[in-house]
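Here is the structure we will look at, set down as structure tokens.
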Amino acid sequence: MKTICVASPSPASGLAPARRAAPSEPLAVLAARAACALEQSVERFVRASDQNLGHLEVQAAQDIQALLGHATERAAQAKADATPPVCPICSQPLTRLSPDHGRTFDTRFGAITVQRTRGYCKRCRKWRTPADAALGLEDTAGYSPGVQAMAALLASKMPVQDASLVLEHLTGVKLPRATLDREARRQGQRAQRLRTQLDQQAAAKPKQLELTLEPYQMIIQLDAWNIRERDDWGQSAALRRRGQEPERWHWVYTGTCFRLDHRGQTAGGRPVITERGFVATRQGLDALREQLHAEALRRGLGQAAGALVLGDGAVWIWRLADDRWPQARQRLDFYHAVQHLAAVGRTLFGEDKTRFRAWLKPLVKQLKHESAVKVIRQLDEVLARLPAGSAAEAVAKEVAYFHEHQDRMDYRAARRAGEPIGSGPVEATCRQTQCRFKRPGQFWSRHGDEALLCLEMFWRNDRWHLLFPHTSFDPARN
Ligand SMILES: [Zn+2]
């Protein structure tokens, strides 16, 4: 059945339906206008031979934009009016109230203006605007929570110049590059404060998981990668004259943890970890240690039958493990062990690939399926036969490596127990994070990169809704 739209733009306001109408009109009238505009759009769309459904999708969103903007503005105003004049921080009634402080900010549906009441909190000794807290506006930011979340997500996923364009392309929200950058960093700093709080809670009162029928092992993996930072913009020449480089590489310490019984396979046979915690920080080893410990507690370390730390040969990994999880077993990444075996082989056989392979293959097999002790014994014999010189020195270094990590090479037992022998998952995490943080020509500031890393970890750990509660809100159940 064909419906005919009889409503027309109000002559008094003189505004076209898609544009902002006089705010005094009831929403029902605005809705009728939007419906009218939609019907006209549909008719045009049906006639237009050069438009596919995508064109209508763009047009329809545009037709209802003003209605949504008005509804949002009125809702915000009504909520502001209904907010009691008490301090949002300490709940003390505010004094010296003054109404009608206008604030304009961008939302998903365009800019809106809200009048709020301000008051003085004697306890905090600060001026407060309770409506801002009720609406989820930050003290200084000019954006609604919806836009804050979008800026934060996009900036943690892609360079800000792309983020700004993608945001406008997908949502119509215009945030210039510098503004988006600032907003995302502000959200990242908020995420860091929340992370500290959550970590303290996890350490103080480890989460009680449901009773598990089978005892499980907690797997903890550590690694690091570096990031290029530069803080002193515009001072490169001056710094170089003083013999300092304006940029520096800085370690981003990364960790991941998961329960061994949360490891499985996809239908296609690809290994997957169903629940996994992630940590990445450039604030040093102490920060990594405490963040990863809190993450492991959240993932069930407190109730684990045991814990296993996996990593490459880096000294800091084992020191940190001894320090934080002294009871945990330690295992050297199998692939790194093989690389060190190969280094010995290259020293012995140089370019002779055939002899190199013939020597290496049985050793790798023994290391994996038999015992490290057996392999080390053969390496010792190789070393004993070498005449003094550079080759002997190189081999001695590798042999020392094997002796040092001997107890961390229990690969046969690991395979029998169905435990991982490699630190692939944490290495994959490093690679993925680096894709965002190490693009050509990119520099990070000391504070900026931690903020964005923190946002990325909230996303990966499935904790985005703790930062932006509306993102887990289901309107169908409201
Ligand atoms: Zn207060």
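Whatever order the structure lists ligands and atoms in, that order sets their numbers, starting from 1.
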Quiz prompt | cation_pi(Arg282, Trp251) dist<6.0 Å, angle<=45 | solution = no
Exercise. Check the Zn ion (ligand 1) and write out every protein N, O or S atom at under 2.8 Å, as residue and atom.
Key: Cys87 SG, Cys90 SG, Cys121 SG, Cys124 SG
Self-check item: Heavy-atom check, side chain of Thr129 versus side chain of Thr117, under 4.5 Å
Solution: no
Quiz prompt | Flag if over 12 foreign heavy atoms under 6.0 Å of CZ, Arg108 | solution = no
Exercise. Evaluate the side-chain proximity of Trp325 to Ile220: yes if any heavy-atom separation is below 4.5 Å, no if none is.
Key: yes
Quiz item: In terms of heavy-atom contacts, does CG of Asp323 have more than 12 from other residues, nucleotides or ligands at under 6.0 Å?
Solution: yes
Listed pairs under 3.5 Å, donor-acceptor, residues 308-316 side chains, sequence neighbours left out:
residue, atom, partner, partner atom, Å
Asp312, OD1, Ala314, N, 2.9

